[in-house]
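A short worksheet on the structure shown next.
Throughout, protein chains are lettered first and strands after them, A, B, ... in sequence-line order, and every chain is numbered starting at 1. All values below come from the heavy atoms of this structure, side chains included, with hydrogens, waters and symmetry mates left out.
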Amino acid sequence: MNKQPLRCRVQVILPIERPYDYLLPYGSDGIQVELEPGQVVMVPVGRRILPGVVWDGVADENVPLKKLKEIAEVSEVPTLREELRKFVEWVANYTLSPQGSVLKMALSVPQALENLVGQKLYRLVTDNPKEEGDADTGKPRLTSARQKVIDVITDSGGWTLADLAREAGVSSSVVKGLEKLGLIESYFDAPDFSFSVPKPDAVGPVLSPDQKAASDDLVSRVQDQAFSTVVLDGVTGSGKTEVYFEAIEAAIKEGRQALVLLPEIALSSQWLDRFKKRFGVAPAEWHSDLTPALRRKTWRAVAAGKAPVVVGARSALMLPYRDLGLIIVDEEHEGSFKQEDGVYYHARDMAVVRAKGCSCPIVLASATPALETMVNVQNGRYERLILPGRHGGAGMPDVELIDLRFDKPERLQSGPGWLSQALRGAIRQTLEAGEQAMLFLNRRGYAPLTLCRTCGHRLQCPHCTAWLVEHRRFRRLQCHHCGFSASLPENCPSCEAEDSLVPCGPGVERIVEEAKLLFPEANVALMASDTMTSPAATKAMVDRIQNREVNLLVGTQVVAKGYHFPFLTLVGVVDADLGLFGGDLRAAERTFQLLHQVAGRAGRAEHKGRVLLQTSDPKHPVMQTLKEGDRDKFLEIEAETRARGHLPPFGRLAAVIVSGPDESELDNFCASLARSIPQIDGAQILGPAPAPLALLRGKFRRRFLIMSKRTIAPQGIARSWLAQLKAPSRIKVIVDIDPYSFL
DNA sequence: AGCACGCCGACT
DNA sequence: GTCGGCGTGCTC
């Protein structure tokens, strides 16, 4: 009998659509070892060895035997469950991404797969006996290579020699040298991967009747171990977190795992503190800046079912849970759940799919649910639990509109002003009453545009279709899209005129300047993403505000997220109209959500808050409904507008972004794409249009838009249309299903 | 994603 | 005459 060697399919973590075939490995007895789907393996690909997963289905006997390579190693990590394999396939199909790219997110960390018995890891020596300052006692010189290692290793440790050297960009001998000097030390990784089990019996908070009703509902869903989607709808301060903590406790008691997805910025120490207070221990965290060792530890603990609760950013959705019993998506309306590099997926929507696969409930929590979420409530796909009122007494703040067409901000000696009389008066009152005020403007830097008074030249980014933003604190110009930075020129780069460049429009730095001028006695502070460079810096700032060392705070949208400032009673929005421009289909919705959230910062304790919105369009539905405090009316108006335009969630969208370094080649290819646009009933394809940033990071961009009825999936349309033409190799075609930002 | 193979400018 | 730039294409 002519016995053929046995083969199996392996999906490797390359941007490849389907699994490749491999020979099963030979054991020491010369007999091939059987493997089951889900086993993690290392396989040769080209001249490299890469991680992959034994996939479902049978190998293709038509692949010639001599092409096949043998599986190099079988990893000891737990088998990836069928649930996760199906999820990977589903996400790849939905997003039109290669299956291997999606799988890569699930394996996420090649280091997790290494067998790490006796792994040697490095950390900083914390109690360094050597004092700073004694100059010539042979203190080791911190060469730049050594400094890089110190910078990378920080205080958390947990680096392997190779990881550390690679990350710092130095050779491993530098690391070993530092060890010899006693600045860093090595130790062996603990063989135990479990996280502490939260203490479900720790006494929870006393819940209000409304909270109790909601939490009872969630708890019984968790106990039923069945899929359902529940929107937890309640204003800031209504106690959503306490409610879903009860559901987490229920999942732990069921012996299953719970996942909490938070928008990146909300993963604050404040959230973790609340969790620790409630459960006595910290949850497992998952986000982009874990050390490799902690990543490995967490990944393995999750897979082994030894991490009962995981809290993380969107990528935590792809982890290999052993038995997921509950998913929470907090601030579900946040746009940052949509990933827009590599695989374009919306973590909230994919989380619903994963919950279905895990037969567990998913909770979408928000004070301002997304329109698509509310439409799903109305059509019965999602259920809703409402938490009425503000927990702890204070009512919602009064919202007033300031019509900038009539209350024009006066000029200051130094230039134009941005604060109206009404807003100035309110700030003065607040400060005199010994309370805190905040000015909100969602624009970093000093001025969003700099132009030449003589020739009209505008300072633009050389790589993007965007103005350069002046950051006066650094005396530099920055591009907020690609990070380009240049020093502020003295003369106009176009006409050479001296002293002719003028800043146009306000950024937060400019508001700080105005605030200091108008209220010289106030303690003004700035809070923006670029002033909060580290968790420590952020905490210091939050402490200063909570200790009332600051009484006039100026901030961008970072101030809207998750901080509690009990003495803040006035919020002034410098430019409420700002987010409404730009042709983004969600512009009105996002503006409403952001301003609603900012408004919620005012008056948390015993004082009622006051919110002033400066607007040039006070009749706009966003402004009117904010003033009336009528969120549902806003959603109603917005739903009508979208329905009329057949826009999401009443129709479907896919953006096709075509980009390349050569503009005429790009236009040629777009023209042939346009010529081959198919005729489809219930769908249309628009374009090509210059993408909103027609030039981004030195690449030209064009965009097509596929719009279809709800009942028709744009994926199929995109697939068949784009399959007709092969893009020249320098041109990249990206399909973004359910696009969010229109950049 | 890497990594090799392949075709055009500055070096011994 | 070669060394090497990175454009292009494949990986079972």
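Between the C1' atom of C:dC12 and the CZ atom of A:R18 lies a distance of 8 Å, rounded to the nearest Å. Rounded to whole Å, the distance from NZ on A:K104 to P on B:dA1 is 7 Å. We find that CD1 of A:I16 is positioned 9 Å from C1' of C:dC10, with the value rounded to whole Å. For the pair A:L24 CG and C:dC12 C1', the interatomic distance rounds to 13 Å; values are reported in whole Å. Look at CZ on A:R48: it is 14 Å from C1' on C:dC12, rounded to the nearest Å. Taking atom CD1 on A:I13 and atom P on C:dC12, their separation rounds to 15 Å, with Å as the unit. One atom, CE of A:M42, and another, C1' of C:dC12, lie 16 Å apart when rounded to the nearest Å. Across the protein-nucleic acid pair, A:L14 atom CG and B:dC3 atom P stand 11 Å apart, rounded to whole Å.
For A:E89 and A:W55, the side-chain atoms include at least one donor-acceptor pair closer than 3.5 Å. For the 3.5 Å distance criterion, the side chains of A:R652 and A:S708 fail to qualify, holding no donor opposite an acceptor.
In this structure, A:R47 does not reach the B:dG2 phosphate: none of its side-chain N or O atoms is under 4.0 Å from OP1 or OP2.
A:P44 comes within 4.0 angstrom of sugar-phosphate atoms only, judged by non-hydrogen atoms across all strands, and of no base. Using a 4.0 Å heavy-atom criterion, one finds that A:L68 contacts the sugar-phosphate atoms exclusively. Within 4.0 Å of A:K69, counting heavy atoms only, lie sugar-phosphate atoms of the nucleic acid but no base atom. Using a 4.0 Å heavy-atom criterion, one finds that A:R730 contacts the sugar-phosphate atoms exclusively.
With a 6.0 Å cutoff to the six-membered ring centre and a 45° limit on the axis angle, A:R586 counts as a cation-pi contact of A:Y740.
The main-chain N or O of A:S97 is never found under 3.5 Å from a side-chain atom of A:S101 such that the two would form a donor-acceptor pair.
Considering only side-chain atoms of A:S729, the nucleotide from C:dT11, C:dG9, B:dC3 that sits closest is C:dG9.
Annotation: side chain of A:D289 is in contact with side chain of A:H287 (closest heavy-atom distance under 4.5 Å).
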